[in-house]
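Worth knowing before you read on, the calculation uses all heavy atoms, side chains too, and leaves out hydrogens, waters and symmetry mates.
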Amino acid sequence: MSKVRELRENRGYTQDDMAEKLGLKSKNAYSMKERGERKFSLEEANKISLIFEMPIEQIFFSNEVTKKITNRKSKYNPQAS
């Protein structure tokens, strides 16, 4: 299951809701993006980040990448942790 789908379902949004929030013409257009058949644009990713009140990285990148970024930040800036 995609992270976007998981977040959407946990927050009680339907695919129709998300399509409307992103300004897409149909639920099917959103569904294809959620399934990975089409990519979310940067603008759409930003809107999703705002909807779920989470950083884009946390939504669209794997935990491994996010952990590496977090570790790198703390390595170079100990106060960032």
Side-chain angles (χ1 to χ4, degrees):
M1 180 182 324
S2 77
K3 179 79 172 190
V4 176
R5 178 180 172 191
E6 181 182 335
L7 289 168
R8 175 182 60 77
E9 290 178 347
N10 286 340
R11 303 280 165 84
Y13 292 125
T14 65
Q15 288 184 337
D16 283 321
D17 294 333
M18 293 301 292
E20 184 177 325
K21 289 177 182 296
L22 296 177
L24 299 173
K25 293 182 181 183
S26 70
K27 168 186 152 182
N28 187 52
Y30 174 80
S31 178
M32 291 175 75
K33 290 175 182 266
E34 191 176 83
R35 289 191 314 263
E37 294 173 21
R38 297 243 168 107
K39 299 206 181 281
F40 287 103
S41 70
L42 184 55
E43 182 180 338
E44 291 165 343
N46 188 50
K47 286 180 182 179
I48 289 169
S49 171
L50 294 171
I51 291 165
F52 296 132
E53 299 177 338
M54 296 173 68
I56 289 174
E57 297 85 359
Q58 197 172 358
I59 299 169
F60 291 97
F61 296 102
S62 73
N63 288 337
E64 183 177 321
V65 173
T66 304
K67 287 177 186 175
K68 286 181 182 179
I69 291 170
T70 303
N71 289 340
R72 189 176 316 146
K73 283 181 184 175
S74 62
K75 179 179 175 183
Y76 294 109
N77 184 1
Q79 296 174 346
S81 315

Student: Is the number of heavy atoms from other residues, nucleotides or ligands under 6.0 Å of Arg38 CZ greater than 12?
Tutor: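 Not buried by this count: 12 neighbours or fewer within 6.0 Å.
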Student: Is it the case that atom CD in Glu37 sees more than 12 heavy atoms from other parts of the structure closer than 6.0 Å?
Tutor: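 More than 12 heavy atoms, drawn from other residues, nucleotides or ligands, come within 6.0 Å of this atom.
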Student: Let me confirm one number: the CG-CD distance from Leu22 to Glu43, rounded to the nearest 0.5 Å.
Tutor: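 Reported value, rounded in 0.5 Å steps: 9.0 Å.
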Student: With side chains defined as the heavy atoms from C-beta onward, is the minimum distance between Arg35 and Met32 less than 4.5 Å?
Tutor: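 They are in side-chain contact.
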Student: Do you know which two heavy atoms are closest between Asp16 and Lys27, and how far apart they sit?
Tutor: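 Residues Asp16 and Lys27, closest heavy atoms: OD1-CB, 2.9 Å.
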Student: Hey, is the main chain of Glu34 close enough, under 3.5 Å, to the side chain of Arg5 for a donor-acceptor pair?
Tutor: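 Looks like no, no N/O pair under 3.5 Å.
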Student: For Lys21 and Lys47, which heavy atoms make the closest approach, and how far apart are they?
Tutor: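 Heavy-atom minimum between the residues: O-CD, 4.0 Å.
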Student: On a heavy-atom basis, which atom in Ala19 and which in Ser26 lie closest, and how many Å separate them?
Tutor: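 In terms of heavy atoms, the two residues are closest at CB-O, 3.4 Å.
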Student: I'd like to know if the side chain of Asp17 pairs up with that of Thr14 as donor and acceptor (distance under 3.5 Å, no hydrogens or angles considered).
Tutor: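 Yes, a side-chain donor-acceptor pair sits under 3.5 Å.
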Student: When rounded to the nearest 0.5 angstrom, what is the spacing between CD1 in Ile56 and CZ in Phe40?
Tutor: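 Rounded to the nearest 0.5 Å, the CD1-CZ separation comes out at 12.0 Å.
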Student: How many angstroms lie between atom CG of Asn10 and atom NZ of Lys3, to the nearest 0.5 angstrom?
Tutor: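 Reported to 0.5 Å precision, the distance equals 9.0 Å.
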Student: Are Val4 and Lys33 packed together at the side-chain level, in the sense that at least one heavy-atom pair is separated by less than 4.5 angstrom?
Tutor: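 Val4 does not reach Lys33 side chain to side chain.
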Student: May I ask you to decide if the ring planes of Phe52 and Tyr13 are parallel, tilted or perpendicular, using 30° and 60° as cut-offs?
Tutor: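 Plane angle between 30° and 60°, so tilted.
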Student: Do Ile51 and Met18 have side chains that approach each other closer than 4.5 Å (heavy atoms only, starting at C-beta)?
Tutor: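 Side-chain contact under 4.5 Å: yes.
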Student: With rounding to the nearest 0.5 Å, note down the distance linking OG in Ser31 to CG in Leu24.
Tutor: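 Answer rounded to 0.5 Å: 11.0 Å.
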